[in-house]
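Here the structure is a predicted model, which means the values were calculated and not measured.
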Amino acid sequence: MRPEILFRLFAPVASLPGIGPRYAKLVERLAGPHVVDLCWHLPSGLIDRRYSPKIAEAEPGRVATVILRVGAHEAPRSRRQPYRISCSDATGELDLVFFHARLDYLTKILPMGQERVVSGRIEAFGGRLQITHPDHIGRLEDLQKLKTVEPVYPLTAGLTLKPLSKAVQAALACAPELPEWLDPAYQARQGWPAWRDALSAAHAPQGPRDLDPGTPARARLAYDELLANQLALTLVRYHQRQQHGRVLRGDGRLRAKVLAALPFALTASQVRAGEEISADMARDARMLRLLQGDVGSGKTVVALLAMLNAVESGAQAAIMAPTEILARQHHKTIAPLAAAAGVEVELLTGRDKGKARRDAVERLTDGRAAIAIGTHALFQQDVNFRDLGMVVIDEQHRFGVHQRIGLAAKGHAVDMLVMTATPIPRTLVLTAYGDMEVSRLTEKPAGRQPIDTRTLALDRLAEVVDGIGRALESGAKVYWVCPLVEESEVSDLAAAKERWAALGARFGIRVGLVHGRMKGKEKDAVMSAFAEGDIDLLVATTVIEVGVDVPKASVMVIEHAERFGLAQLHQMRGRIGRGAAKSTCLLLYQGPLGETARARLRVMRETDDGFRIAEEDLRLRGAGELLGTRQSGMPEFRLADLAVHQELLGAARDDARLILETDADLQSVRGQSLRVLLYLFERDVAVRYLRSG
Ligand code: ADP
Ligand code: MG
């Protein structure tokens, strides 16, 4: 249960004074649902209102706070003209200008003959000084209150700075003093303030340097977030390990049959990964291992062998994929191989309903099926196993920690292998999984040819289409990826349909279309027509990004390549270059290119080493954006920026380890504070593993 001291921070934003339901919705969309989310919404800029000149000295272009005597109100003669109020001080004159003004309001706050303090940007217009729509208007006694530095926050459409700032201030007022969870010596060395003070300071920048992520206030908050992340992972990990695992040590008979049925020999890194996994499984502790391998590096076979190891020792195994297409593809690869070893496999996805589904579930429950392949449908409540001993999670970054734990709970002391095709850099492995053991597939299967990647401006589209025509003539299979239009599937779809129609008109019936809104069955039909049927040119939205394996495809065109991230480009390109034929990837871009986009395209031309690409990606944009964290289940950091706070991450990991060694159930005084920290950053999952107290 969340500690009481945090209750107010986790109240809904609508509970804040002055935030009606309409604003609450906007604030929620911008920052998050809880008061605490507003606390994490740090300023991105500031307005310095301390400049307070006499009118004669006021410099146009600067924000100033000036004392004025209100003069005559001059109502506009037409609706398009503004309302003007001429004001003055002893040194000169200055107009206040309002468009679409409400008269009664202006006469009330700016009564003629009175002195007022006004803050806003000074402009020179037609030889006169003016302020258009002052940001603040107050009485003389408000001068000191207005002559301050005001934080500027990232905004969203429909939400202006003033109400948002008010909301943030109200949120900050809810922040209590919290017991210190930092190691006192470390905190002193870093010169970091207490949590509450750090929060206030981060929201009250006095100059541009205070916006730097390295300031003590911001660094502390970032560290808190990283510590919560590392501590949660370490705790979950540790307590999972405490539970006894089971020894899964197969005799190799099923694996031998599969190896004999494979049309190829394993690569050296596949062999090594297999040995590492077997060694883990044979141990009396639960396995938690990450299998990292670039697209096409052959993770599926490694996973299958690991699952068979479990089956050989009498247990069942399951592999969970993030999408329907991928689950079906795994099934297609795995089922015949498993059959060669006499092992029964069951496919279970969200699409399976009724009797077929009941039968599948029954075969898993009574143990007739030894291997389950599926999507998240696998951990629905009615799915049970006779004895699930091993779980493989594919493309793990798309699942959250909760789901991972969900599937593991279906078995007893389940060994877990997590596979990712995204070559996550070390730093991110650490934040997503903690200190997990890692096996890497570093080589591509033999016989793969490097992909020839070229970048071309979009205005050469006609040439590209001609070239595609020639490739199709010579029997090539071609992917044509349509651009991300905006964050809306609808317009992505419109663009893809248009391209599909145009290419179809040119090349005839050999052109297919696949997109995210298609029903699973339709998608499968198109994909298999492309894989082995009469579709040679496949127009696609980004649904092909993950996993799909069509070894014959050797050409890929990516439209508006500048709109995609590096990781995404790499994932997509990995769909070709899988067969014996030489492959070509054409990245079409719309100029002029920004610096980052240019760098991304250059990296794509220079290398197809996924690990290098991932490192470059991390360098080119902050870690937050990497992998498109939003839908990814990768931790999203609000305060830490891994591009600048890498060192803090290392320190947080070490800190977490030390805490574990000395106080694994967080029972000490510091331990109690650390519990608060975990709740503050919503790492409640980890707390569940602790003994109470
Ligand atoms: P990924 O790591 O992207 O999941 P897959 O497991 O889908 O890669 O393998 C990609 C392709 O490479 C598949 O067609 C698979 O049969 C093939 N493959 C896997 N291992 C080898 C190997 N050692 N030699 C040749 N081909 C292999
Ligand atoms: Mg795969």
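- The closest donor-acceptor contact from the side chain of His570 to the backbone of Gly565 lies at 3.5 Å or more, if one exists at all.
- Looking at residues two or more places apart in sequence or on another chain, you find a side chain to side chain contact (heavy atoms under 4.5 Å, CB included) between Ser78 and Arg80, Gln81.
- Counting heavy-atom neighbours within 6.0 Å of Glu4 CD, excluding the residue itself, gives a total of 12 or less.
- Atom CZ of Arg454 is surrounded by 12 or fewer heavy atoms from other residues, nucleotides or ligands within 6.0 Å.
- In this structure, the side chain of Ser52 engages the main chain of Thr65 through a donor-acceptor pair within 3.5 Å.
- Rounding to the nearest 0.5 Å places CG of Leu587 at 7.5 Å from CZ of Arg573.
- Taking 4.0 Å as the cut-off between side-chain N and carboxylate O, Asp466 and Arg506 count as a salt-bridged pair.
- In this structure, Gln114 contributes its side chain and Pro111 its backbone to no donor-acceptor pair below 3.5 Å.
- Geometrically, Arg2 does not engage Phe7 in a cation-pi contact defined by less than 6.0 Å to the ring centre and at most 45° from the axis.
- Residue pairs meeting the salt bridge (charged side-chain N to carboxylate O under 4.0 Å, His left out) criterion with at least one member in residues 44-55, sequence neighbours excluded, are Asp48-Arg50, Arg49-Asp135, Arg49-Glu150.
- By the ring pair (Phe, Tyr, Trp, His ring centres under 6.0 Å) test, Tyr679 is found to be paired with no residue, residues two or more places apart in sequence or in another chain being considered.
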Using distance only, find each side-chain donor-acceptor pair of residues 457-465 under 3.5 Å and give its atom names and separation, not counting sequence neighbours.
| from | atom 1 | to | atom 2 | distance (Å) |
| --- | --- | --- | --- | --- |
| Arg460 | NE | Glu463 | OE1 | 3.4 |
| Arg460 | NE | Glu463 | OE2 | 3.4 |
| Arg460 | NH2 | Glu463 | OE1 | 3.2 |

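- The two residues Pro134 and Val118 make their nearest non-hydrogen contact at CB-CG1, 3.5 Å.
- Between the CG atom of Leu227 and the CG atom of Leu182 there is a distance of 7.0 Å, given to the nearest 0.5 Å.
- In terms of heavy-atom proximity, Cys174 sits nearest to Leu16 at SG-CD2, 3.8 Å.
- Here the closest non-hydrogen pair linking Leu146 and Gly138 is CD1-N, 4.1 Å.
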* Check the pair Glu606 / Arg602 against side chain to side chain contact (heavy atoms under 4.5 Å, CB included), numbers first and verdict last. => CA-CA 6 Å; Glu606 283 174 3; Arg602 179 170 40 73; 3.3 Å; yes
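- Residue pairs that meet the salt bridge (charged side-chain N to carboxylate O under 4.0 Å, His left out) test with at least one member in residues 157-176, sequence neighbours left out, do not exist here.
- Put simply, the side chain of Arg84 never gets that close to the backbone of Ala75: no donor and acceptor are under 3.5 Å apart.
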* Asked: Taking it one step at a time, do Glu93 and Ile55 satisfy side chain to side chain contact (heavy atoms under 4.5 Å, CB included)?
  -> CA-CA 7 Å; Glu93 294 187 345; Ile55 290 178; 5.7 Å; no
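- For the pair Pro179 and Ile5, the minimum side-chain heavy-atom distance is below 4.5 Å.
- For His133, the ring pair (Phe, Tyr, Trp, His ring centres under 6.0 Å) partners at least two apart in sequence or on another chain are Phe98.
- Here the CZ-CD1 distance, from Arg139 to Ile67, works out to 14.5 Å after rounding to the nearest 0.5 Å.
- For Arg121, there are no salt bridge (Lys or Arg N to Asp or Glu O under 4.0 Å) partners two or more places apart in sequence or in a different chain.
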* To do: Under the side chain to side chain contact (heavy atoms under 4.5 Å, CB included) rule, what do Val66 and Val117 come out as? Steps first, then yes or no, please.
  => CA-CA 6 Å; Val66 284; Val117 178; over 6 Å; no
* Step by step, work out the side chain to side chain donor-acceptor pair (under 3.5 Å) result for Arg600 and Thr596. => CA-CA 6 Å; Arg600 279 202 296 253; Thr596 318; 6.0 Å; no
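- Listed for the Gln206 side chain is a donor-acceptor partner under 3.5 Å among the backbone atoms of Ala204.
- Checked against salt bridge (Lys or Arg N to Asp or Glu O under 4.0 Å), Arg499 has the following partners two or more places apart in sequence or in another chain: Glu559.
- If you take CZ on Arg675 and CH2 on Trp181, they are separated by 15.0 Å, rounding to the nearest 0.5 Å.
- In this structure, Leu648 and Ala219 approach most closely via the heavy-atom pair CD1-O, 3.7 Å.
- Distance alone, capped at 3.5 Å, places no donor-acceptor pair between the Arg8 side chain and the Pro176 backbone.
- In this structure, the side chains of Pro216 and Pro193 come closer than 4.5 Å at one or more pairs of heavy atoms.
- Distance alone, capped at 3.5 Å, places no donor-acceptor pair between the Thr455 side chain and the Leu601 backbone.
- Ion pair Asp224/Arg220 flagged as a salt bridge, since at least one NZ, NE, NH1 or NH2 atom sits closer than 4.0 Å to an Asp/Glu carboxylate oxygen.
- Checked against Tyr83 for a side chain to side chain donor-acceptor pair (under 3.5 Å), the options His100, His73, Glu74 give a single hit: His73.
- For Arg62, the salt bridge (Lys or Arg N to Asp or Glu O under 4.0 Å) partners two or more places apart in sequence, or in a different chain, are Glu59.
- Taking Trp40 as the reference, Phe681 meet the ring pair (Phe, Tyr, Trp, His ring centres under 6.0 Å) condition, with sequence neighbours excluded.
- The CG atom of Leu566 lies 10.5 Å from the CD atom of Gln568; values are rounded to the nearest 0.5 Å.
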Exercise answer: donor-acceptor pairs, residues 20-39 side-chain atoms, under 3.5 Å, sequence neighbours excluded:
| from | atom 1 | to | atom 2 | distance (Å) |
| --- | --- | --- | --- | --- |
| Asp37 | OD1 | Arg638 | NH1 | 3.2 |
| Asp37 | OD2 | His34 | N | 2.8 |

* To do: For Trp480 and Ile558, run side chain to side chain contact (heavy atoms under 4.5 Å, CB included): C-alpha distance rounded to whole Å, both residues' side-chain angles, the deciding distance at 0.1 Å, then the answer.
  => CA-CA 6 Å; Trp480 188 296; Ile558 301 180; over 6 Å; no
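- Counting all heavy atoms, side chain and backbone alike, Glu225 lies closest to Ala640 at OE1-N, 2.8 Å.
- For Leu46, the side chain to side chain contact (heavy atoms under 4.5 Å, CB included) partners at least two apart in sequence or on another chain are Val149, Pro205, Leu211.
- The minimum heavy-atom distance linking Val70 with Leu110 is given by the pair CG1-O, 3.4 Å.
- Between His203 and Tyr153, the gap from one ring centroid to the other is short of 6.0 Å.
- When atom types are taken as modelled, the side chain of Ser86 and the backbone of Asp95 share no donor-acceptor pair closer than 3.5 angstrom.
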* To do: Take Glu180 and Gln187 through the side chain to side chain donor-acceptor pair (under 3.5 Å) test and state the conclusion after the steps.
  => CA-CA 10 Å; Glu180 187 56 73; Gln187 182 181 12; 3.3 Å; yes
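- To the nearest 0.5 Å, atoms CD (Gln230) and CG (Leu649) are separated by 5.0 Å.
- Distance alone, capped at 3.5 Å, is enough to place a donor-acceptor pair between the Thr91 side chain and the Ala56 backbone.
- Between the side chain of Asp212 and the backbone N or O of Gly214 there is at least one donor-acceptor pair closer than 3.5 Å.
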